[in-house]
Participant: 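Got a structure for you, written out below as structure tokens; questions coming shortly.
Sequential numbering from 1 along the given sequence is applied to the chain's residues.
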Amino acid sequence: MPTRIHEFSWPDRVVVGVIGLPGDRTFYLQVRTGKEIVSVVLEKQQAAQLAENIDDILDQLLTVDGNPFSIPTGTPIELVDNDPLEDDQEQFRTGAMSLGWDPSTSQIVIEAHPIPDEDPDAAPAQETEMLRVRMPVGTARAFAKRTREIVDAGRPMCTLCGYPMDADGHTCTIPEN
């Protein structure tokens with residue numbers, strides 16, 4: 001079964017964004033080059049882990065003698081992107097993701113694969129798809145910063161149990177002393 005690969009090697013834009021209010025948000029990984037836009041849904045935890053791992057990779061590369069890849073220590077101001085999503089048409093829901101580094105182009109590489117269809121009665125898929133994004137290091141820093149900000153803009157966490165608190169109340173799983 002052939003795989004349709006949505007490949008973006010030097011995207012004009014790559015962001016994580018949300019649709020909805022805290023407690024009922026849908027997270028999207030959106031990539032655009034020219035007029036081509038692909039949006040895939042991902043979980044909040046996937047977005048948070050992606051941002052953390054991107055920064056970890058870039059921080060490790062900073063320790064390489066002479067910083068041959070010109071890794072920025074922070075987000076270049078000219079790459080900050082706080083604009084809303086351009087399109088929320090879902091290409092697929094993300095299951096497995098992978099993250100890597102391509103030293104030949106000095107780019108972070110993200111791959112997102114759809115959640116497999118687990119319905120035993122479903123007809124076999126004729127084609128699968130995946131998203132592959134290659135982004136330069138400055139864009140990757142900006143991507144990670146925006147993603148952390150979006151993840152952190154959700155519901156506040158209970159200081160006792162660590163679960164999110166809803167606007168209409170919260171039943172803590174840990175009794176107060």
Participant: Which residue pairs pass the salt bridge (charged side-chain N to carboxylate O under 4.0 Å, His left out) test with at least one member in residues 57-77, sequence neighbours excluded?
Facilitator: Asp59-Arg141
Participant: Give the cluster check for Ile110 versus Val38: same hydrophobic cluster or not, with ILVMFWY residues linked at side-chain heavy-atom distances below 4.5 Å.
Facilitator: yes
Participant: Can you tell me how far CG of Asp88 sits from CD1 of Ile19, rounded to the nearest 0.5 angstrom?
Facilitator: 4.5 Å
Participant: Minimum heavy-atom separation for Leu79 to Thr139, with atom names?
Facilitator: CD1-N, 3.5 Å
Participant: With side chains defined as the heavy atoms from C-beta onward, is the minimum distance between Leu29 and Val15 less than 4.5 Å?
Facilitator: no
Participant: In terms of hydrophobic clustering (I, L, V, M, F, W, Y; side-chain heavy atoms under 4.5 Å; direct or indirect links), are Leu50 and Val133 co-clustered?
Facilitator: yes
Participant: Report the C-alpha distance between Arg13 and Asp81 in whole Å, list the side-chain angles of each, state the deciding distance to 0.1 Å, and finish with yes or no for side-chain contact (heavy atoms from CB on, under 4.5 Å).
Facilitator: CA-CA 9 Å; Arg13 184 176 198 221; Asp81 181 347; 2.5 Å; yes
Participant: Under the side-chain contact (heavy atoms from CB on, under 4.5 Å) criterion, do Met130 and His6 qualify, and how do the steps go?
Facilitator: CA-CA 6 Å; Met130 69 174 284; His6 305 279; over 6 Å; no
Participant: Kindly check if the number of other-residue, nucleotide or ligand heavy atoms within 6.0 Å of CD (Gln89) is above 12?
Facilitator: no
Participant: With the 4.5 Å side-chain cut-off for hydrophobic clustering, are Val40 and Leu85 part of the same group?
Facilitator: no
Participant: Does the distance from a Lys or Arg side-chain N to an Asp or Glu carboxylate O, for Arg148 and Glu52, drop under 4.0 Å?
Facilitator: no
Participant: I'd like to know if Arg134 pairs up with Glu7 as an ion pair, taking the criterion as any Lys NZ or Arg NE/NH1/NH2 lying under 4.0 Å from an Asp or Glu carboxylate oxygen.
Facilitator: yes
Participant: Which atoms form the tightest heavy-atom contact between Val14 and Met135, and what is the distance?
Facilitator: CG1-SD, 3.7 Å
Participant: For residues 16-28, which residue pairs pass the salt bridge (charged side-chain N to carboxylate O under 4.0 Å, His left out) check, not counting sequence neighbours?
Facilitator: none
Participant: Among the clusters formed by ILVMFWY side chains lying less than 4.5 Å apart, do Phe8 and Val16 turn up in the same one?
Facilitator: yes
Participant: Which heavy-atom pair separates Pro22 from Ala153 by the least distance, and what is that distance?
Facilitator: CG-O, 3.9 Å
Participant: Within the distance-only criterion (no hydrogens, no angle test), does the side chain of Ser106 pair as donor or acceptor with the backbone N or O of Phe69 below 3.5 angstrom?
Facilitator: no
Participant: When rounded to the nearest 0.5 angstrom, what distance separates CD in Glu111 from CZ in Arg132?
Facilitator: 4.5 Å
Participant: Supply the atom-to-atom distance Ile57 CD1 to Ile108 CD1, rounded to the nearest 0.5 angstrom.
Facilitator: 4.5 Å
Participant: Keeping Asp12 on the side-chain end and Gly34 on the backbone end, is there a donor-acceptor pair under 3.5 Å?
Facilitator: yes
Participant: With a 4.5 Å heavy-atom cut-off, do Thr94 and Ile115 have their side chains touching?
Facilitator: no
Participant: To the nearest 0.5 Å, what is the distance between CG on Asp87 and CD1 on Ile37?
Facilitator: 5.5 Å
Participant: Contact between Gln107 and Trp10 at the side-chain level, heavy atoms closer than 4.5 Å - yes or no?
Facilitator: yes
Participant: Are Asn53 and Gln49 close enough, and set up right, to give a side chain to side chain donor-acceptor pair (under 3.5 Å), and what steps lead you there?
Facilitator: CA-CA 6 Å; Asn53 289 347; Gln49 192 66 51; 3.1 Å; yes
Participant: For the OG1 atom of Thr26 and the NZ atom of Lys44, what is their distance to the nearest 0.5 Å?
Facilitator: 12.5 Å
Participant: Is Arg32 salt-bridged to Glu36, going by a charged N under 4.0 Å from an acidic O?
Facilitator: no
Participant: Gln30 side chain to Glu86 main-chain N or O, any donor-acceptor pair under 3.5 Å?
Facilitator: yes
Participant: Answer whether the closest heavy-atom distance between the side chains of Glu78 and Pro76 falls below 4.5 Å.
Facilitator: yes
Participant: Testing the basics here: between Gly138 and Pro72, what is the closest heavy-atom pair and its distance to 0.1 Å?
Facilitator: CA-CG, 3.9 Å
Participant: What is the minimum heavy-atom distance between Val137 and Ser70, and which atoms define it?
Facilitator: CG2-O, 3.6 Å
Participant: Answer with yes or no whether the hydrophobic clustering places Leu99 together with Met97; edges join I, L, V, M, F, W, Y residues whose side-chain heavy atoms lie under 4.5 Å apart.
Facilitator: yes
Participant: Are the side chain of Thr147 and the backbone of Phe143 linked by a donor-acceptor contact shorter than 3.5 Å?
Facilitator: yes
Participant: From Ile5 CD1 over to His113 NE2, what is the distance, rounded to the nearest 0.5 angstrom?
Facilitator: 9.0 Å
Participant: Minimum heavy-atom separation for Asn82 and Val80, please, with both atom names.
Facilitator: ND2-CG1, 3.5 Å
Participant: Would Leu61 and Trp101 satisfy side-chain contact (heavy atoms from CB on, under 4.5 Å), going step by step from the backbone distance to the final call?
Facilitator: CA-CA 10 Å; Leu61 290 167; Trp101 169 251; 3.5 Å; yes
Participant: If we only count heavy atoms from C-beta on, is the Val41 to Phe92 side-chain gap below 4.5 Å?
Facilitator: no
